[in-house]
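Accompanying notes for the structure given below.
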Amino acid sequence: MELTKYGHACVRVEKNGKVLVVDPGTFTEGPVLDGADAVLITHEHPDHVDVDRLKAASPDLEIWTCEAVAAQLTEVPAEVQVVRDGDAFETAGFRVRVFGEWHAKNHPDVPIVQNVGFMLDDEVFYPGDSLTVPAVEVATLLVPTNAPWLKLSEMIEYLRAVRPARAFSTHDILLSDIGLALVDGWLRMEADKQHADMRRLEIGESVTLG
């Protein structure tokens with residue numbers, strides 16, 4: 001499969017002519033849904049789901065997400081399927097397993113929302129806005145590296161808990177060039193420590209997995 005990094009928290013995964021997109025939110029620019037067969041959405045925050053973009057998408061699109069997001073997509077022409085922790089399904093030629101239930105704790109006055117993580121083909125795990133450690137081996141982790149709910153030590157502890165062979169930065173659009181350089185350095189240090197491939201992909205950059 002080929003994984004391409006898009007802005008902020010969105011990735012596009014392609015295999016055998018099929019296209020799956022994860023978390024195409026309002027911070028993501030460009031025609032990320034062009035040719036897409038399926039969309040996975042981890043949670044309801046607008047940087048992960050752009051309702052207007054989905055309203056304009058093909059009615060043939062399949063959307064898989066948690067109950068809270070599905071409730072916001074009633075006017076979307078595409079088919080919307082609700083999934084929960086422990087579920088497994090197939091879409092766009094990918095085998096998908098669901099792990100996790102809740103977003104990481106954020107502002108003390110903001111309620112914690114639903115958040116589901118997705119494992120694709122037992123290869124790529126995307127946790128959304130959480131630090132869910134799935135009870136399976138993870139070859140490739142899409143690791144959040146910056147967020148109001150995240151600090152550096154938590155990100156490093158998460159990498160050490162999951163111990164993936166590869167980890168690529170996500171959720172990083174709020175960082176300046178200086179901040180991105182820091183992320184590059186932190187990931188490089190942890191990659192050296194774990195003898196793994198851990199780095200930040202540039203927007204539009206692709207890697208081949210599996």
Side-chain angles (χ1 to χ4, degrees), residues 1-6 8-16 18-25 38-43 48 64-66 83-105 114-147 149-172 183-202 205-210:
M1 74 177 75
E2 183 177 75
L3 181 146
T4 302
K5 172 76 164 70
Y6 278 77
H8 189 49
C10 180
V11 294
R12 181 174 165 119
V13 188
E14 302 184 39
K15 183 183 73 170
N16 298 331
K18 296 290 188 177
V19 177
L20 185 151
V21 178
V22 186
D23 280 6
V39 169
L40 309 181
I41 301 169
T42 60
H43 66 284
H48 292 257
W64 303 77
T65 188
C66 62
V83 295
R84 299 172 179 83
D85 178 52
D87 285 349
F89 59 94
E90 291 191 11
T91 185
F94 290 86
R95 302 184 314 277
V96 184
R97 300 171 69 184
V98 183
F99 294 91
E101 299 180 86
W102 302 107
H103 192 288
K105 185 177 180 180
Q114 292 178 334
N115 182 100
V116 289
F118 296 106
M119 175 76 80
L120 311 180
D121 279 354
D122 295 323
E123 170 69 35
V124 177
F125 183 60
Y126 185 107
D129 280 11
S130 75
L131 299 176
T132 298
V133 178
V136 294
E137 184 176 345
V138 177
T140 303
L141 177 65
L142 300 178
V143 58
T145 54
N146 176 260
W149 49 268
L150 181 69
K151 59 185 179 182
L152 169 62
S153 61
E154 293 171 330
M155 185 261 283
I156 297 299
E157 288 167 1
Y158 186 48
L159 288 169
R160 294 181 182 180
V162 177
R163 298 198 67 81
R166 291 168 295 279
F168 302 118
S169 170
T170 186
H171 213 280
D172 50 20
V183 166
D184 291 340
W186 294 328
L187 291 177
R188 186 164 52 249
M189 289 171 60
E190 193 61 23
D192 290 343
K193 186 176 184 67
Q194 294 196 34
H195 304 290
D197 179 11
M198 298 180 178
R199 54 194 166 97
R200 180 175 57 89
L201 301 177
E202 298 289 345
E205 184 178 354
S206 301
V207 292
T208 300
L209 306 171

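For the single chain, residues carry numbers from 1 onward in sequence order.
With sequence neighbours excluded, no residue satisfies side-chain hydrogen bond (donor to acceptor under 3.5 Å, both in side chains) with Tyr6. For Ser130, the side-chain contact (heavy atoms from CB on, under 4.5 Å) test picks out Asn115, Pro127, Thr132, with sequence neighbours left out.
Here the shortest heavy-atom pairing between Asp85 and Val98 reads OD1-O, 3.7 Å. Shown here for Asp172 and Ser169, the closest heavy-atom pair between the two residues is OD2-OG, 2.8 Å. When all heavy atoms of Trp64 and Glu90 are compared, the pair lying nearest together is CZ2-O, 4.0 Å. The two residues Cys66 and His43 have their closest heavy-atom pair at SG-CA, 4.3 Å. When every heavy atom of Trp149 is checked against every heavy atom of Lys105, the shortest pair comes out as CB-O, 3.3 Å. Here the shortest heavy-atom pairing between Asp23 and Ala9 reads CB-O, 3.5 Å.
Separating the CG atom in Leu150 from the NE2 atom in His171 is a distance of 9.0 Å, to the nearest 0.5 Å. Considering CG of Leu209 and CG of Asp121, their distance stands at 10.5 Å, rounded to 0.5 Å. Once rounded to the nearest 0.5 Å, the distance linking CG of Leu40 with OH of Tyr126 reads 10.0 Å. Rounding to the nearest 0.5 Å gives a distance of 5.0 Å between CE of Met155 and CG of Leu187. The structure places CG of Leu142 at 8.0 Å from CZ of Phe168, a figure rounded to the nearest 0.5 Å. Atom CD of Gln194 sits about 8.5 Å away from atom CD1 of Ile156, to the nearest 0.5 Å.
Checking side-chain atoms of Asp192 against main-chain N and O of Met189 turns up no donor-acceptor pair under 3.5 Å. The backbone N or O of Ala196 lies less than 3.5 Å from no partner atom in the side chain of Lys193, so there is not a single donor-acceptor pair. The main-chain N or O of Thr4 is never found under 3.5 Å from a side-chain atom of Ser206 such that the two would form a donor-acceptor pair. No donor-acceptor pair closer than 3.5 Å links the side chain of Lys5 to the backbone N or O of Thr170.
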What verdict does the side chain to side chain contact (heavy atoms under 4.5 Å, CB included) test give for Leu3 and Leu201, after you've listed the backbone C-alpha separation in whole Å, the side-chain angles of each residue and the deciding distance to 0.1 Å? CA-CA 10 Å; Leu3 181 146; Leu201 301 177; 4.0 Å; yes
Run Val136 and Phe125 through side chain to side chain contact (heavy atoms under 4.5 Å, CB included) and show every step you take. CA-CA 10 Å; Val136 294; Phe125 183 60; over 6 Å; no
Do Asp122 and Arg95 pass the side chain to side chain contact (heavy atoms under 4.5 Å, CB included) test, and can you show the C-alpha distance, the side-chain angles, and the key distance before you say yes or no? CA-CA 8 Å; Asp122 295 323; Arg95 302 184 314 277; 3.7 Å; yes
Side chain to side chain contact (heavy atoms under 4.5 Å, CB included) evaluation trace for Val22 with Leu20: CA-CA 7 Å; Val22 186; Leu20 185 151; 3.6 Å; yes
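Looking at heavy atoms from C-beta onward, Gln114 lies in side-chain contact with Trp102 at the 4.5 angstrom threshold. Looking only at side-chain heavy atoms (C-beta outward), Val96 and Met119 stay at 4.5 Å or farther from each other.
Salt bridge annotation for Glu205-Arg199: present, with a cationic side-chain nitrogen under 4.0 angstrom from a carboxylate oxygen.
Enclosure of atom NZ in Lys18 is not indicated, since only 12 or fewer non-hydrogen atoms of other residues, nucleotides or ligands lie within 6.0 angstrom. Heavy-atom neighbours of Glu137 CD from other residues, nucleotides or ligands within 6.0 Å: at or below the threshold of 12.
Applying the salt bridge (charged side-chain N to carboxylate O under 4.0 Å, His left out) test to residues at least two apart or on different chains, the pairs with a partner in residues 152-162 are Arg160-Glu190.
Asp129 and His48 form a side-chain donor-acceptor contact under 3.5 Å, judged by distance and modelled atom types alone. For the residue pair Thr140 / Arg166, a side-chain donor-acceptor distance below 3.5 Å is found, with atom types taken as modelled.
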